[in-house]
Amino acid sequence: MKTILSSETMDIPDGVKIKINAKIIEVEGPRGKLSRDFKHLNLDFHLMNDEETGKRKLKIDAWFGSRKTSAAIRTALSHVGNLITGVTKGYRYKMRFVYAHFPINASIGNANKSIEIRNFLGEKKVRKVDMLDGVTVVRSDKVKDELILDGNDIELVSRSAALINQKCHVKNKDIRKFLDGIYVSERGTIFEEN
């Protein structure tokens, strides 16, 4: 079953500029600039002005789309919404060290761009994780054994958190008992915190 036209719109907040060029969407805001490529989706993107309120809107259309194509409209809007949040508020992920006996030791270097994890389960191995572009990692001042990852792009921030988490997997032990590791404890925006 194909729907002739399915479309959705979203409001663009003040202070955010959006450019659309061949399904590549660039979003510019107070915190910087982000872009995303939607060429793999069979959708039409338009910038329009709302007649009643005069606010700018982004409209996404799918002509003669199947259920999958119609579902992709909402997905694309969510991605653009994440870009807008990134350039206005920024994303912040918090991670906590969990250990039963051997305290995990982390040192941050390379201008908050990389982290070295030592003494995980008492191992001598040094685990080094480099952050992805535009992501910074710092130790929390208020909370013991906490890392704070900040950045504009939600995908890069969350992937950096995943890289840290995956470096600290327990091998050859019962993971129900050995719960040591570095885990994401909180996800939010930088703007809410300050």
Side-chain angles (χ1 to χ4, degrees), residues 6-62 65 69-95 108-115 128-141 146-167 184-194:
S6 41
S7 64
E8 282 196 43
T9 59
M10 76 178 291
D11 290 331
I12 298 166
D14 297 332
V16 174
K17 287 181 190 167
I18 290 191
K19 276 189 218 156
I20 300 171
N21 184 15
K23 292 190 190 175
I24 295 174
I25 294 189
E26 282 188 8
V27 181
E28 200 174 340
R31 287 183 57 84
K33 197 176 191 179
L34 290 174
S35 69
R36 195 175 173 116
D37 191 340
F38 291 102
K39 283 185 180 171
H40 61 288
L41 294 176
N42 194 8
L43 300 173
D44 294 342
F45 296 85
H46 309 283
L47 284 173
M48 49 184 260
N49 282 325
D50 194 355
E51 281 95 44
E52 295 162 20
T53 56
K55 275 197 156 183
R56 286 164 65 242
K57 284 189 165 188
L58 173 68
K59 186 175 185 224
I60 303 180
D61 294 336
T69 317
S70 303
I73 295 179
R74 184 74 222 142
T75 307
L77 279 182
S78 299
H79 283 315
V80 176
N82 285 341
L83 296 180
I84 290 170
T85 307
V87 296
T88 52
K89 299 177 181 175
Y91 284 100
R92 171 168 287 176
Y93 274 46
K94 291 184 179 177
M95 302 185 82
I108 291 161
N110 194 7
N112 294 347
K113 290 279 181 196
S114 69
I115 180 169
K128 186 167 186 287
V129 187
D130 290 322
M131 297 295 102
L132 299 167
D133 287 343
V135 182
T136 58
V137 57
V138 291
R139 289 293 287 264
S140 173
D141 302 330
E146 186 176 65
L147 295 176
I148 296 173
L149 281 77
D150 286 346
N152 289 353
D153 192 333
I154 189 171
E155 295 208 354
L156 297 179
V157 175
S158 55
R159 271 170 53 205
S160 299
L163 289 171
I164 293 173
N165 176 262
Q166 287 166 2
K167 268 283 195 262
V184 173
S185 61
E186 202 180 313
R187 302 176 179 89
T189 59
I190 301 169
F191 187 74
E192 283 169 13
E193 300 270 321
N194 299 340

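Any value given below was found using the heavy atoms of this structure, including those in side chains, with hydrogens, waters and symmetry copies removed.
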Item to check | Reported NZ-to-CG distance for the pair Lys55 and Asn49, which is rounded to 0.5 angstrom | outcome: 12.0 Å
Next on the checklist: So, taking the atom named CD in Glu8 and the one named CD1 in Ile60, what distance separates them when rounded to the nearest 0.5 Å?
Outcome noted: 8.0 Å
Checklist entry - Hey, does the side chain of Lys94 reach the backbone of Glu146 with a donor-acceptor pair shorter than 3.5 angstrom? => result no
Next on the checklist: Determine whether Arg139 and Leu147 satisfy the following criterion, side chain to side chain contact (heavy atoms under 4.5 Å, CB included), listing intermediate values before the conclusion.
Outcome noted: CA-CA 5 Å; Arg139 289 293 287 264; Leu147 295 176; 3.6 Å; yes
Checklist entry - Run the side chain to side chain contact (heavy atoms under 4.5 Å, CB included) check on Leu47 and Leu58 step by step: do they pass? => result CA-CA 5 Å; Leu47 284 173; Leu58 173 68; 4.2 Å; yes
Checklist entry - Between Leu149 and Ile164, is a side chain to side chain contact (heavy atoms under 4.5 Å, CB included) present by the stated rule, with each step listed? => result CA-CA 11 Å; Leu149 281 77; Ile164 293 173; 4.2 Å; yes
Checklist entry - Between atom OG1 of Thr136 and atom CZ of Arg92, what is the distance when rounded to the nearest 0.5 Å? => result 8.5 Å
Next on the checklist: Apply side chain to side chain contact (heavy atoms under 4.5 Å, CB included) to residues Ser6 and Ile73 and explain how you reach the verdict.
Outcome noted: CA-CA 8 Å; Ser6 41; Ile73 295 179; 3.8 Å; yes
Checklist entry - Out of curiosity, Leu77 CG to Phe45 CZ, how far, rounded to the nearest 0.5 Å? => result 8.0 Å
Item to check | Side-chain donor or acceptor of Asn82 paired with backbone N/O of Ile154 under 3.5 Å | outcome: no
Checklist outcome for this item: Rounded to the nearest 0.5 Å, the OG1 atom of Thr85 sits from the CG atom of Asp153 at a distance of 11.5 Å
Item to check | Ile115 and its side-chain contact (heavy atoms from CB on, under 4.5 Å) partner, picked from Lys128, Met95, Met131 | outcome: Met131
Checklist entry - How far does NZ of Lys19 sit from CD1 of Ile25, to the nearest 0.5 angstrom? => result 13.0 Å
Next on the checklist: Please find the pair of heavy atoms, one from Ile108 and one from Val137, that lie closest to each other, and give the distance.
Outcome noted: CG2-O, 3.6 Å
